[in-house]
2 protein chains.
Amino acid sequence: MSHHHNLMADLRQRGVRLTPQREMILDAIHHEDEHLTADEIYQRVQARSPAINIATVYRTLELFKDLHIIHEINLGDCTRYELCQDEPHHHLVCQACGATISLDHAILAPLESKLKKQFGFKAHMEHMVIYGQCAKCQQDAE
Amino acid sequence: MSHHHNLMADLRQRGVRLTPQREMILDAIHHEDEHLTADEIYQRVQARSPAINIATVYRTLELFKDLHIIHEINLGDCTRYELCQDEPHHHLVCQACGATISLDHAILAPLESKLKKQFGFKAHMEHMVIYGQCAKCQQDAE
DNA sequence: TTACGTGCAAAATATTTGCAAGAAG
DNA sequence: CTTCTTGCAAATATTTTGCACGTAA
């Protein structure tokens, strides 16, 4: 039994109506490693069920966001979506080759507590994206 | 003599044509503390010179970006622009009240070097934005 | 049965582009 | 004069909304 069935059961508990569209959209997000844009989610769902409408995708993403099932990530120009996870995780993105490196939250924890101590600021670091250049591309550039 | 006149002189050196539009756009960015969107820049310039077109604003921002005079910041949905500065600086943004706190680069430097050491990743941290809740709003929430 | 969700089409928003006229150097 | 820049209008991309119909519970 896949993780997303638990999620769907959970939603029913919370009084959210379960529709095939919502299930397919959750499925699409769940089955992907990368973070998808609204349109990419739309296309994946459309492959299974051509009648689906892009407006439904946007409305469902909004709903899932409010329910804290997914969250939005803004990389440059495009908005992407991914499942919320227990432990926040982060990404390094190489601007040269596009490679992404996943980061444990531990590496950002010191910054988080420094911000709290110095400014009383409670950072919401669910998913930070840090751009730069990966080791390989730095070598290639030399 | 204001800083932006030096910039304009600098541009002429670099073979960039100086037009009133470009000067007014640079002016608008320069005279603001906050980071403006393309449309806000457009409105400010339009107040001085109604004939200006939004397409010119976009094209000029693109040009200034390529010349490394300004850089783009993506906060949530909107793209904002600010002058490049010698020392990178960063912002904490309170999601409750919208307040922004400026951060010295020093506070992010340890993270930067940790990423370099552990992953060989050279982070481009010209302007990081960290969202969260400021001290005041945390109190109000209690 | 009733409230909520969906598809559709149109609107709103943000950004880009082709082209002819205008201005910088 | 020549090349680059601008204004205009139209195109494109992304996201939102009103409304009538359909469906989950």
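By convention in this document, chain letters (A, B, ...) are assigned in the order of the sequence lines, proteins followed by strands, and residues within each chain are numbered from 1.
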Most 5' of B/L18 and B/D39 on DNA chain C, judged by nearest nucleotide
B/D39
ring-ring contact (aromatic ring centres under 6.0 Å, His included) between B/H105 and B/H90, worked out
CA-CA 7 Å; B/H105 184 62; B/H90 313 277; 5.1 Å; yes
Measure the distance from CG on B/L61 to C1' on D/dT5 and round it to the nearest whole Å.
15 Å
Can a side chain N or O of B/T37 be found less than 4.0 Å away from OP1 or OP2 on C/dA14?
no
Distance below 4.0 Å between A/Y58 side-chain N/O and D/dT15 OP1 or OP2
yes
Among B/L83, B/I25, B/L7, find the residue that satisfies the side-chain contact (heavy atoms from CB on, under 4.5 Å) test when tested with B/F64.
B/I25
With a 4.0 Å cutoff (strictly under), does any side-chain N or O of A/R59 reach OP1 or OP2 of D/dT16?
no
Euclidean distance, atom CD of residue A/Q21 to atom C1' of C/dC8 [Å, nearest integer]
14 Å
When you measure from the side chain of A/T19, which nucleotide among D/dT5, D/dC8, C/dG5 comes out closest?
C/dG5
Can you check side-chain contact (heavy atoms from CB on, under 4.5 Å) on B/V57 and B/V45, steps first, answer last?
CA-CA 9 Å; B/V57 174; B/V45 175; 5.6 Å; no
B/R48/B/D27 salt bridge by N-O under 4.0 Å criterion
yes
For the hydrophobic clusters of this structure (ILVMFWY residues joined by side-chain heavy atoms under 4.5 Å, transitively), does one cluster hold both B/I73 and B/M128?
no
Would you say D/dT6 has OP1 or OP2 under 4.0 Å from some side-chain N or O of B/T56?
no
Selection from C/dG7, C/dT15, D/dT6 that lies nearest to any side-chain heavy atom of B/A38
C/dT15
Would you say the side-chain atoms of B/Q43 pair up with the backbone N or O of B/E40, donor to acceptor, closer than 3.5 Å?
no
Between the base of D/dT3 and the side chain of B/R17, is one N or O donor paired with an acceptor at under 3.5 angstrom?
yes
Side chain B/R12 and base C/dG25 donor-acceptor under 3.5 Å
no
Atom CD1 of B/I54 to atom P of C/dT15: distance rounded to whole Å?
8 Å
Tell me the interatomic distance from A/R14, atom CZ, to D/dA25, atom C1', rounded to whole angstroms.
18 Å
Side-chain donor or acceptor of B/Q46 paired with backbone N/O of B/A51 under 3.5 Å:
no
Quickly work out the B/M8 CE to C/dA24 C1' distance and round it to whole Å.
12 Å
For B/E72 and C/dT15, give me the distance from atom CD to atom C1', rounded to whole Å.
11 Å
Regarding A/A55, tell me which of base, sugar-phosphate or nothing describes its non-hydrogen contacts under 4.0 Å with the strands shown.
base
Students should find that the end-to-end axis angle of the helix from C/dT1-D/dA25 to C/dG25-D/dC1, with five pairs defining each axis and rounding to 10 degrees, is 40°
A/E23 CD - D/dA25 P separation (whole Å)
11 Å
Which is more 5' along DNA chain D, the nucleotide nearest B/I52 or the one nearest A/E62? Just name the residue.
B/I52
Round to a whole Å and report the spacing from CG of A/L26 to P of C/dG5.
16 Å
Is any side-chain N of the basic residue among A/E72 and A/K65 closer than 4.0 Å to the acidic one's carboxylate O?
yes
Nucleotide nearest B/P20 (side chain, heavy atoms from C-beta), chosen from C/dA24, D/dT15, D/dA24:
C/dA24
